[in-house]
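One structure is given here, and the rest of the page talks about it.
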Protein chains: 2
Amino acid sequence: MKVKLGGIPFVYPIPIVLAGALVQGRPNFETLGDVGIMGINPAIVYISSGKRHYTNLGILEHGTFSINFPHTELLPRTDYCGTVSGHNVDKSELFDIFYGQLKTAPMIQACPVNLECKVIKEFCIRHRQVFVGEVEQTYVSEEFVIDRSGKPGIADMTKLDPIIYALDNRYYRIGESIGVGYDESKKLRLHKTSD
Amino acid sequence: MKVKLGGIPFVYPIPIVLAGALVQGRPNFETLGDVGIMGINPAIVYISSGKRHYTNLGILEHGTFSINFPHTELLPRTDYCGTVSGHNVDKSELFDIFYGQLKTAPMIQACPVNLECKVIKEFCIRHRQVFVGEVEQTYVSEEFVIDRSGKPGIADMTKLDPIIYALDNRYYRIGESIGVGYDESKKLRLHKTSD
């Protein structure tokens, strides 16, 4: 039996990120769960931000933004960046910052992974502004880089310890690994009534 | 010290969903991590699907699609739907299906939460087709509906037990709750060197 709850964008769980932009010469960071993948190769991602949000001004000015993935130790500062607007509060001193090849996308040193993005599409939908970006470069803190069959790769999720959010307004951490992609289906007996 | 790994769309963790569409009269489901929120009120979500994917045909035909959130017990079938294409394999018998008010967006009974979506924007970017949908109705299985201050709400993440994926090609489950939104920032002493 299904219960109708009205139109809720209940996508879960939600990755929590800090979207970065350079606004009037200062780095600004906005906490967002409205983020996701649009393509793997080439690497395309998006963020959706309220039309009047301060971060948008910097993204429009430079055509660049960053996506920074905080670990759970950064939860207080991450939560904070979602409670105050750059229109009213200078958030430029909250984190140690670095810049990459695009020069105008501020990134957070303390975040294990940073995506440096160039805007390739922008549109407004209802009261949101959506920025679609191609990932020009992915930066990983040295201690989270591991060897994957002779090539540098990113440590597993439990080490990256990301902040996860849900529409019950709670933050969660990641749990244990439960399987391998394109492998779990081998456990399936292909008859609807069999499992 | 940061290490450059090239352009990787490393958004993490990734929610794993089954996107549903009615293709030539039969329900079809595609496993996707390319899904996210674009707006809360009104409720707007998107999925990004390979241009030639079978599911797209049904979404274009009817202007509707569904997003279904499997729990971890559905992992083998969920993984399976990501390994075979509706072009070659009939996936219509894998799940018990129901339809909602839009009539053409097949939804999976066994998934705790289902979003019934109407396409409000569609575009291609590189080799992907992106469907932006307004959530017309959210369906929750009765056993996952709880009372939230006198109104029906959705159970917490640990009960919903969603499937999470990462670009290390592993599936994960959700971990424990670590805080409350807009509350954790109160633990912050507002000086960069203080924490």
Side-chain angles (χ1 to χ4, degrees), chain A residues 1-5 7-13 15 34-40 42-43 45 48 72 75-77 79-80 83 93-94 113 126 128 130 135-142 145 152 156-157 162 166 168-175 177-182 184-185 187-188 192, chain B residues 1-5 7-13 15 34-40 42-45 48 72 75-77 79-80 83 93-94 113 126 128 130 135-142 145 156-157 162 166 168-175 177-182 184-185 187-188 192:
Chain A
M1 174 69 185
K2 292 280 180 178
V3 177
K4 295 180 195 177
L5 293 189
I8 307 172
F10 195 61
V11 173
Y12 64 87
D34 318 79
V35 56
I37 299 172
M38 283 194 177
I40 299 287
V45 296
S48 168
T72 62
L75 182 54
R77 275 187 277 180
D79 189 63
Y80 175 72
T83 62
E93 296 295 315
L94 269 178
V113 177
R126 308 289 194 262
R128 293 295 193 101
V130 176
V135 183
E136 293 284 313
Q137 191 56 266
T138 301
Y139 300 85
V140 181
S141 301
E142 207 172 20
V145 176
D156 83 17
M157 215 34 59
D168 64 359
N169 193 33
R170 286 193 211 158
Y171 295 110
Y172 294 82
R173 68 166 77 241
I174 193 85
S177 174
I178 55 170
V180 175
Y182 309 102
E184 296 309 304
S185 53
K187 298 175 188 164
L188 184 65
K192 194 170 76 171
Chain B
M1 176 70 185
K2 293 280 181 178
V3 177
K4 295 180 195 175
L5 293 190
I8 306 173
F10 196 61
V11 173
Y12 64 88
D34 318 78
V35 56
I37 299 172
M38 284 194 177
I40 299 287
I44 300 170
V45 295
S48 168
T72 62
L75 182 54
R77 274 186 279 180
D79 189 64
Y80 175 72
T83 61
E93 296 294 317
L94 268 178
V113 177
R126 307 291 194 259
R128 292 296 193 100
V130 177
V135 183
E136 292 284 314
Q137 190 57 264
T138 301
Y139 301 85
V140 182
S141 300
E142 206 170 21
V145 176
D156 82 17
M157 214 37 57
D168 64 359
N169 193 32
R170 285 194 211 157
Y171 294 109
Y172 294 83
R173 66 168 78 240
I174 194 84
S177 175
I178 55 170
V180 175
Y182 308 102
E184 296 308 305
S185 53
K187 297 174 187 165
L188 184 66
K192 193 171 73 171

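Proteins get letters first, then strands, A, B, ... in listed order; numbering begins at 1 in each. What's counted below: heavy atoms across the whole structure, side chains too, no hydrogens, waters or symmetry copies.
- The two atoms that bring B:Y182 and A:Y171 nearest to each other are N-OH, 4.4 Å, heavy atoms only.
- Contact annotation for A:E136: only backbone heavy atoms (N, CA, C, O) come within less than 4.5 Å of a heavy atom of chain B.
- B:T83 contributes atom OG1, which lies 9.0 Å from atom CG of A:L188 (distance to the nearest 0.5 angstrom).
- By number of non-hydrogen pairs under 4.5 angstrom with chain A, the leading residue of B:I8, B:V45, B:D156 is B:I8.
- Put simply, of A:E142, A:E184, A:K2, the one with the most heavy-atom pairs under 4.5 Å next to chain B is A:K2.
- Taking CD1 from A:I178 and CG from B:L75, the interatomic distance works out to 5.0 Å, rounded to the nearest 0.5 Å.
- Among B:P9, B:A166, B:A43, the residue with the largest count of heavy-atom pairs under 4.5 Å with chain A is B:P9.
- Using a 4.5 Å cut-off between heavy atoms, A:V145 touches chain B through its side chain atoms alone.
- With a 4.5 Å cut-off on non-hydrogen atoms, A:V130 touches chain B through its side chain but not through its backbone.
- The closest donor-acceptor contact from the side chain of B:S177 to the backbone of A:R170 lies at 3.5 Å or more, if one exists at all.
- Taking B:D34 as the reference, B:R128 meet the salt bridge (charged side-chain N to carboxylate O under 4.0 Å, His left out) condition, with sequence neighbours excluded.
- Both the backbone and the side chain of B:V180 come within less than 4.5 Å of a heavy atom of chain A.
- The residue among B:P13, B:S48, B:P162, B:G36 with the most heavy atom pairs within less than 4.5 Å of chain A is B:P13.
- Partners of A:Y172 under the side-chain hydrogen bond (donor to acceptor under 3.5 Å, both in side chains) rule, at least two apart in sequence or in another chain, are A:D168.
- For chain A, the nearby parts of B:V113 are the backbone and the side chain; heavy atoms of each come within less than 4.5 Å.
- Residues A:S141 and B:M1 form no side-chain contact, since every pair of their non-hydrogen atoms from C-beta on lies 4.5 Å or further apart.
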